[in-house]
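This structure is a prediction, so every number in the text was calculated from the model and none was measured. FYI, side chains are in, hydrogens and waters are out, and symmetry mates aren't considered; it's all heavy atoms of this structure.
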Amino acid sequence: MNTIKNYFKEDNGVTAIEYGLIAALIAVVIIAAITLVGTRLSAKFQYIATKLA
């Protein structure tokens, strides 16, 4: 019975899941930021190419 109680008291798995969710959220934010910067950078290079032509 004590083994079952200890199993439910352990929170190592919960902590790992929380860290995994935080890492996934950070990855999504980084991908969104890179996409936004890449789009704006592409537009800027297109503007420069148009002015040079």
Side-chain angles (χ1 to χ4, degrees):
M1 193 66 177
N2 285 336
T3 305
I4 294 171
K5 287 181 183 177
N6 288 338
Y7 177 76
F8 285 111
K9 284 184 181 179
E10 288 186 24
D11 61 351
N12 294 338
V14 175
T15 304
I17 291 171
E18 289 171 351
Y19 285 139
L21 290 173
I22 290 170
L25 180 62
I26 291 171
V28 167
V29 170
I30 289 172
I31 290 170
I34 289 173
T35 302
L36 182 63
V37 169
T39 303
R40 289 186 178 181
L41 190 60
S42 176
K44 187 64 75 173
F45 278 130
Q46 186 63 37
Y47 172 78
I48 292 170
T50 303
K51 290 295 182 180
L52 289 175

side-chain contact (heavy atoms from CB on, under 4.5 Å) against [X], all qualifying residues, sequence neighbours excluded:
{"X": "Ile34", "result": "Ile30"}
{"X": "Leu21", "result": "Ile17"}
{"X": "Thr39", "result": "Thr35"}

For a quick test of your reading: what N or O donor-acceptor pairs under 3.5 Å do the side chains of residues 42-53 make, sequence neighbours left out?
{"residue": "Thr50", "atom": "OG1", "partner": "Gln46", "partner atom": "O", "Å": "2.8"}

Worksheet item: Taking ILVMFWY side chains as joined if any heavy atoms are under 4.5 angstrom apart, and letting links pass through other members, which residues group with Val37?
Response: none
